[in-house]
Amino acid sequence: MTGEWLDIGWVDEIPVRGSRTVQVTGGDDIAVFRTGDGKVFALLDRCPHKHGRLSQGIVHGGAVACPLHNWRISLTTGEALGEDKGCTPVVPVKVSAGRVLICRTSVLKAAA
Amino acid sequence: MMNTAEHLVVIGNGMAGCRAVEELIARDPHRYRVTIFGAEPHVNYNRIMLSPVLAGEKTFDEIVINDAAWYATNAIELVSSDPVQAIDRAAKTVTARSGRTVSYDKLLIATGSDPFIIPVPGKDLPGVISFRDMADVDHMLAAAGAGGDAVVIGGGLLGLEAAHGLTLRGMKVTVIHLMPTLMERQLDEAAGWLLKSALEARGQTILTEAHTAAIVGDGKVEGVQLKDGTVIPASLVVMAVGIRPSVALARDAGLEIGRGIKVDDHMVTSDPSILAVGECVEHDGNVYGLVAPLWDMCRALADGLVEKHSGYRGSVTSTKLKVAGLDVFSAGDFSGGDGAEDIVLRDASRGVYKRVVVRGDKVVGAVLYGDTADGGWYFDLLKREEDVSAIRDMLIFGQAFASGGGVADPKAAVAALSDNAEICGCNGVTKGKVVACIGAGNTTLDAVRATCKASASCGSCTGLVETLLAVTLGDDYSGERTVKTMCKCTSFGHDDVRREIVAQDMRSIPEVMQKLTWSTPDGCSSCRPALNYYLLCALPGEYKDDQQSRFVNERLHANIQKDGTYSVVPRMWGGLTSPKELRAIADVVEKFDAPMVKVTGGQRLDIFGIRKEDLPAVWADLNAAGMVSGHAYGKSLRTVKTCVGSEWCRFGTQDSTGLGVKVERMTWGSWMPHKFKIAVSGCPRNCAEATIKDFGVVCVDSGYELHVGGNGGIKVRATDFLCKVATEEEAMHYCAAFIQLYREEARYLERTAPWIERIGVDYIRERIAEDAEGRDALAARFRYSQTFSQDDPWAARAAGDAREQHAPMAVFTPLDAAREMA
Ligand code: SRM
Ligand SMILES: Cc1cc2nc3c(=O)[nH]c(=O)nc-3n(C[C@H](O)[C@H](O)[C@H](O)COP(=O)(O)OP(=O)(O)OC[C@H]3O[C@@H](n4cnc5c(N)ncnc54)[C@H](O)[C@@H]3O)c2cc1C
Ligand code: SF4
Ligand code: FES
């Protein structure tokens, strides 16, 4: 783990069209998603509606449906889609040589 | 005559190295004296055409780009079969394996890439090769000549081209791919599925989500072992899992290296006398594995060398698979999200899938399968960032349609079709017939489907038929469908989808989406769970459940609560319990600090506030006391409520408790369209509330009255009386038959009450009470499917199954993170 990025594991530890969490002690979890076409995204694991765990939702296209009341949240912007209004913070993430790296400052912010 | 020009030495006689020299000669043939070192024994050939050579479609001579005459004419000295082994930057010399040392004024590194070899035991056995150069092809041809089995590790572009060639050469080929989708970097799930089906139809075995553990063999390769223990026999193993820029030489010489040799916009490395080009370089953070970027790089490089700096600005790439008869194209970004809109066109009868991704007014990505004629056009729109808003509606139909002058309006285009034009390929219906059918009073899509059969099969012509309705009826066309579609992803209703799944023997979600022309690439949170259920119901024991298509409760086998914890409800058969069970529950409550335990409305106990991480341990403890999942979370059998019955009650007529337990043992674990509740009461006083359950039994002196379609929820509905039977066995048999009818015919998320209101209780009586043969068949199908569904999901999880679902991927404490930062 060096530089601005924190290494959280292999990309294939995240199920396709599914998600895993990164636990941040004393703060909100981070949800890391993998879409049907293999792209990886990360959001705070907290729905803008009533704080549902987005990591537990159904991933389809570039969005996740919150498990509590089915709001659809864009994985790229964190914005609620359709009629609903609200936004969840996006955590910068990248994949390098099969490893998933998330932005360190965002982790610190999640913990703050 | 002595040539006094500056000496340019090129390392690598491949595609980029030679192209750079060609570009240079085109600008100024006398500027440099050129020497090229090549590791291979050949003149410059077209590496991408190795696949057709392997497939027997081309000979080596046909793929040569520059023959010996080219080197001679341009006074280029080619040193082949002699790889350069060292660069001395101070002395400005390079030394090759033969010991030959030459000095340079400018040095160009074009060493390409090295195939990545996965570090598994047996990787060095003879017979394990990569797919990079002509020597590899010769090796494969020799192996194929001997016949036998081949394994290709890697289902990307290279792997599939190798597999194709080897299949044509008569080998039995298995492709092992780590990811769920073939060519996942270029294709989405839908296109990947089409590709996989097509390759399987050609006789290849494709294993996705397969991990290679080892290559086995004694002195030579004999097979590949997967992580699950399976061994696939093979006399040839081709590793095509990826490439790494070949940077060893440059690194040893002390040049700056990232993922590749770092170069500026003029392809100059950290040493001003040394340039680099091709797959070995990293430019602006990018490395490339395709030829198109090389051409741009070579232009910029040659401009720089003759001091007319133009500069390289990076490349957008597109991919085509070179397998005869399979048209696959992909370009740009197709991850969707963020304001991106997918336009999808599927033509199931022709096996075509097209997806164009538009963001704002621009094309940002495209995936085409089956018909790639417009690939170049989309790619061009993408590269030029053209505003496509004017042709947005017709974009997906391709260039001919979208830019065809007079037909800028899809309605006009359809109106202009001749009467003989075929609208529905599946059922051979012409435009004339559809128009006549509409004229005869069929003014909705469903009516047209029902009468002339247009769009009644694969549905890919639905758009055309709707346009014909609009064109023919003008303002009279309401556009309203009488059938409600499943969701926005499809024009089909639930019943159509269920019928077609069975009729066409569909076996996976991507297959249904393709054959029924879904308008989204991978569905949504409404249709995925429904399709998963329909397939599971149609193919008991065969269909592999898709966990990612299930609502979280069914994925985690517990109910999610508003604070993100879970509740756990173990089964208490017929509402009976014992000291041992109660003790186990009490222990769990204490051990895991559950904040609440409560008697549910379904005659059992619910433990609240369990953390996701603790679920497997909670289940293990409950399992140890003999309890299994109560499915309080599932679209499945919930509870069988009972009253005490004849065992104790002074009014009891039959053993309602005992029957309830038997019924629950028969029905638990079954997946249904919605939740399903049963009750058995010992007499008409009905203390188990059997007449508001999905299936209710009311015992009487002379037997058992069976009731169906009750609901005590949002809209209370008392059951309909179905019939009366004489024995417990019959009561159970009718129950099994009724459940199966519900499982096979109701729509997803439709409980028995609204289902029966929709189809009428007479229909149920006909099928269950009056048709003995049909009843037996239904009950038999139910019992058969139960043989696959009565494993306790908790036991599997407690034993470690899907462990990752319960654990975070990583844990950070702010202190760690802060320390990292310092
Ligand atoms: C736990 C329990 C309440 C209790 O503390 O008693 C309960 C709890 C929930 N019920 Fe219920 N229902 C419970 C018995 C009932 C009953 C009574 C019964 O089963 O005899 C009914 C009315 C009878 C019926 O279903 O016909 C009932 C009618 C509903 C409905 C309305 C269904 C309908 O068709 O109208 C919903 C909403 C739904 O399913 O969409 C619902 C949904 C829910 C959910 C799943 C809400 C949700 O989506 O999160 C609650 C889950 C809580 C949890 O996390 O455990 N619950 N629910 C009962 C669990 C029974 C069990 O042992 O499995
Ligand atoms: C089977 C196959 C199919 C492909 N299909 C496509 C396709 O359809 N479309 C597409 O765009 N791309 C395709 N590619 C990729 C394409 O071939 C490469 O992008 C391209 O060849 C890269 O050019 P290059 O000059 O950087 O590397 P190369 O062409 O590999 O040339 C590098 C040369 O340098 C030599 N060399 C390495 N080290 C030394 C040394 N120390 N001394 C001397 N010589 C050395 C190597 O032997 C090699 O000959 C395919 C590749 C393969 C293998
Ligand atoms: S009645 Fe409403 S609040 Fe109570 S458990 Fe059922 S769904 Fe939840
Ligand atoms: S909390 Fe996510 S939709 Fe309500």
Side-chain angles (χ1 to χ4, degrees), chain A residues 1-4 6-10 12-18 20-27 29-30 32 35-39 41 45-46 50-53 55-65 67-68 70 72 74-77 79 96-97 100 102 104-105 107-108 110-112, chain B residues 178-181 184-190 192 209 211 259 333-340 342 367 489 520-529 546-553 555-556 560-564 612-613 802 804-805 807-818 820-821:
Chain A
M1 278 184 259
T2 50
E4 287 302 308
L6 292 173
D7 183 321
I8 59 169
W10 292 104
D12 57 7
E13 292 174 54
I14 314 169
V16 172
R17 255 176 284 98
R20 296 288 303 276
T21 55
V22 173
Q23 202 172 301
V24 181
T25 313
D29 283 2
I30 291 168
V32 190
T35 55
D37 35 33
K39 296 262 160 70
F41 300 93
D45 194 10
R46 196 182 57 184
K50 292 190 173 173
H51 300 183
R53 300 294 179 105
S55 58
Q56 309 301 301
I58 292 181
V59 176
H60 54 95
V64 60
L68 291 194
N70 210 31
R72 286 182 312 118
S74 158
L75 296 178
T76 35
T77 60
E79 224 47 87
S96 173
V100 182
I102 58 173
R104 188 168 49 182
T105 9
V107 173
L108 284 174
Chain B
L178 193 62
M179 303 289 291
T181 302
E184 76 285 346
R185 283 207 308 230
Q186 291 92 15
L187 302 183
D188 58 14
E189 186 192 28
E209 292 182 271
H211 298 242
R259 280 195 292 158
D333 174 14
F334 50 89
S335 62
D338 198 10
D342 286 308
V367 181
C489 304
T520 49
D522 60 2
C524 70
S525 54
S526 304
C527 57
R528 289 198 78 94
D546 178 20
Q547 287 294 299
Q548 302 312 331
S549 294
R550 285 191 177 272
F551 183 62
V552 57
N553 287 0
R555 225 182 307 130
L556 285 186
I560 194 166
Q561 307 292 315
K562 59 187 228 181
D563 65 353
K612 187 169 76 164
E613 294 76 26
E804 73 288 349
Q805 293 219 19
M809 200 171 167
V811 179
F812 290 113
T813 64
L815 262 184
D816 278 352
E820 278 298 323
M821 199 144 187

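In what follows, every chain begins at residue 1, and chains take the letters A, B, ... in the order their sequences are listed. Side chains included, hydrogens not; waters and symmetry mates left out as well; all remaining heavy atoms used.
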Quiz prompt | Contacting moiety of B:Glu209, where chain A heavy atoms sit under 4.5 Å | solution = neither
Quiz item: With chain B, which of A:Gly57, A:Gly52, A:Ala65, A:Gly36 has the greatest number of heavy-atom pairs at distances under 4.5 Å?
Solution: A:Gly57
Quiz item: Any idea which of B:Arg555, B:Lys562, B:Gln805 has the most non-hydrogen atom pairs under 4.5 angstrom with chain A?
Solution: B:Arg555
Self-check item: chain A contact via B:Pro521 - side chain, backbone, both or neither, heavy atoms under 4.5 Å
Solution: neither
Practice problem: Sort A:Ile8 into side chain, backbone, both or neither according to what part of it lies under 4.5 angstrom from a heavy atom of chain B. | Solution: both
Quiz item: Taking all atoms of both residues into account, what is the closest heavy-atom pair of A:Thr25 and B:Val811, and its distance?
Solution: OG1-CG1, 4.2 Å
Quiz item: Would you find a donor on one side and an acceptor on the other, under 3.5 Å apart, between the side chain of B:Asp522 and the backbone of A:Gly61?
Solution: yes
Exercise. Given side chain to side chain contact (heavy atoms under 4.5 Å, CB included), test B:Glu184 with A:Val16 step by step and report yes or no.
Key: CA-CA 11 Å; B:Glu184 76 285 346; A:Val16 172; over 6 Å; no
Quiz item: Which bit of B:Asp563 comes within less than 4.5 Å of chain A, counting heavy atoms only: side chain, backbone, both or neither?
Solution: backbone
Quiz item: Hey, is the main chain of B:Ala807 close enough, under 3.5 Å, to the side chain of A:Arg20 for a donor-acceptor pair?
Solution: yes
Quiz item: Under a 4.5 Å cut-off applied to non-hydrogen side-chain atoms, are A:Pro15 and B:Gln547 in contact?
Solution: no
Quiz item: Taking all atoms of both residues into account, what is the closest heavy-atom pair of B:Phe812 and A:Asp7, and its distance?
Solution: CZ-O, 4.0 Å
Exercise. Give, as side chain, backbone, both or neither, the part of A:Asn70 having an atom under 4.5 angstrom from any heavy atom of chain B.
Key: side chain
Quiz item: For B:Thr520, is it the side chain, the backbone, both or neither that has a heavy atom under 4.5 Å from a heavy atom of chain A?
Solution: neither
Quiz item: So do A:Ile14 and B:Met809 actually touch side chain to side chain, heavy atoms under 4.5 Å?
Solution: yes
Self-check item: Non-hydrogen atoms of A:Gln23 and B:Pro808 that approach each other most closely
Solution: OE1-CG, 3.2 Å
Quiz item: Under 4.5 Å between any side-chain heavy atoms of A:Arg17 and B:Asp546, yes or no?
Solution: yes
Exercise. Name all residues meeting the salt bridge (Lys or Arg N to Asp or Glu O under 4.0 Å) criterion together with B:Glu804; count only those two or more places apart in sequence or in a different chain, and write none if there are none.
Key: none
Quiz item: Got a sec, which residues hit salt bridge (Lys or Arg N to Asp or Glu O under 4.0 Å) with A:Arg72, two or more places apart in sequence or on another chain?
Solution: none
Quiz item: For A:Arg53, is it the side chain, the backbone, both or neither that has a heavy atom under 4.5 Å from a heavy atom of chain B?
Solution: side chain
Quiz prompt | Within-4.5 Å side-chain heavy-atom neighbours: B:Pro529 and A:Ile58 | solution = yes
